[in-house]
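Computed from heavy atoms alone, side chains included, the values below leave out hydrogens, waters and symmetry copies. In what follows, residues are counted from 1 in the order of the sequence shown.
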Amino acid sequence: MSIMSRLKKRYQTEITQDLQKKFNYENPMKIPAPKKVVINMGIAEASKDKNSIQDCVREMTMLSGQKPIIIKAKKAISNFKLRENQPIGIKVTLRGKRMYDFIDRFVNIVCPRIRDFRGFPSKCDGRGNFSLGIDDQQVFPEINLDLVKRTQGMHITFVTSASSDEECVELLRLLGVPFKNLPVSVAA
């Protein structure tokens, strides 16, 4: 028996009802839900040193709770000093309980630790997905600051089943993601 994440329980009890009230869905299956969270980290500079790639993989494993896959270059591009099959990034896709736990930790622990943070811009991609970038992986409490040799940024994409940007932003706002110029939803 698995223990349900507190954010998933809140989504099923409160957030779905709030979305139903606001958007008036005729079918409850149309209520948007988070599908997955994808975390990408570009390691182009780190790819010159084998140990730094392993450091990035270890840090990504600690902050996501899942081992990332290493993305390799498909083609050689001489202008970028890029060879074929050279590692250029690492990626983790979180679904289910790990996704809800990551969103919960990201919203309640990581966002307040970002320096000079005023909220994320409420701009989605038009298909119900929201991406944001973080400049420094050291805002995650799971990472041991003594072992960090270099700051590394990352992109985090929240993929939802929302059909419009407005629905996506409202779903993520109710999940707790802080947006600029929008009220923050706080769990009771």
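Between Cys124 and Phe158, every side-chain heavy-atom pair lies at or beyond the 4.5 Å cut-off. Leu19 has its side chain out of reach of Lys22: every pair of non-hydrogen atoms, C-beta onward, lies at least 4.5 Å apart. Considering only heavy atoms from C-beta on, Tyr11 comes within 4.5 Å of Leu171 through its side chain. Put simply, the side chain of Pro32 does not reach to within 4.5 Å of the side chain of Phe23, judged on heavy atoms. Put simply, the side chain of Val37 reaches to within 4.5 Å of the side chain of Ile103, judged on heavy atoms.
In this structure, Ile69 CD1 and Met60 CE are separated by 10.0 Å, a value rounded to the nearest 0.5 Å. Note: Ser164 OG to Glu170 CD = 10.5 Å, rounded to the nearest 0.5 Å. Interatomic distance, OG1 of Thr61 versus CD of Gln54, reported as 9.5 Å (0.5 Å rounding). To the nearest 0.5 Å, atom CD of residue Gln66 and atom CE of residue Met99 are 12.0 Å apart. Of the inter-residue distances, the one linking His155 atom NE2 with Met41 atom CE reads 11.0 Å to the nearest 0.5 angstrom. Between atom CD1 of residue Ile70 and atom CG of residue Asn85 there is a gap of 12.0 Å, rounded to the nearest 0.5 Å.
What you find for Ile90 and Cys56 is that their closest heavy atoms are CD1-O, 3.5 Å. Across Asp104 and Arg6, no two heavy atoms sit closer than the pair OD2-NE, 2.6 Å. Glu84 and Ala76 get closest at one heavy-atom pair: N-CB, 3.8 Å. Across Leu7 and Leu175, no two heavy atoms sit closer than the pair CD1-O, 3.7 Å. Shown here for Arg95 and Thr93, the closest heavy-atom pair between the two residues is NH1-CG2, 3.4 Å. Arg83 approaches Gln86 most closely through the heavy-atom pair N-OE1, 2.9 Å.
A continuous path of hydrophobic side-chain contacts links Leu172 to Leu132 [ILVMFWY only; heavy atoms under 4.5 Å]. Val159 and Leu94 end up in different hydrophobic clusters when Ile, Leu, Val, Met, Phe, Trp and Tyr side chains are linked at under 4.5 Å. Under the 4.5 Å side-chain heavy-atom criterion for grouping Ile, Leu, Val, Met, Phe, Trp and Tyr, Met62 is not connected to Ile109 through any hydrophobic cluster. Hydrophobic clustering (ILVMFWY, side-chain heavy atoms < 4.5 Å, transitive): Val169 and Tyr25 are in one cluster.
Within the 3.5 Å criterion, the main-chain N or O of Arg10 finds no donor-acceptor partner in the side chain of Glu14.
Surrounding CG of Asp116 are at most 12 heavy atoms belonging to other residues, nucleotides or ligands under 6.0 Å away. When the shell of 6.0 Å around CG of Asp135 is examined, it contains 12 or fewer heavy atoms from other residues, nucleotides or ligands. Applying the 6.0 Å contact sphere to CZ of Arg127 captures no more than 12 heavy atoms from other residues, nucleotides or ligands.
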Checklist entry - Passes side-chain contact (heavy atoms from CB on, under 4.5 Å), Ile39 versus Leu63? Steps please. => result CA-CA 10 Å; Ile39 309 168; Leu63 67 90; 4.2 Å; yes

Checklist entry - Hey, mind stepping through Asp125 and Ser131 against side-chain contact (heavy atoms from CB on, under 4.5 Å) and telling me if it holds? => result CA-CA 8 Å; Asp125 68 348; Ser131 294; over 6 Å; no

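Contact check on Arg58 versus Asp55 returns a salt bridge, with a Lys/Arg side-chain nitrogen under 4.0 Å from an Asp/Glu carboxylate oxygen. Using a 4.0 Å cut-off between charged nitrogen and carboxylate oxygen, Lys97 and Asp101 count as a salt-bridge pair.
Under the 30°/60° scheme for interplanar angles, the aromatic rings of Phe179 and Phe130 are found to stand perpendicular. Using bins of under 30°, 30° to 60° and over 60° for the plane-to-plane angle, the ring pair Phe106/Phe102 lands in the parallel bin.
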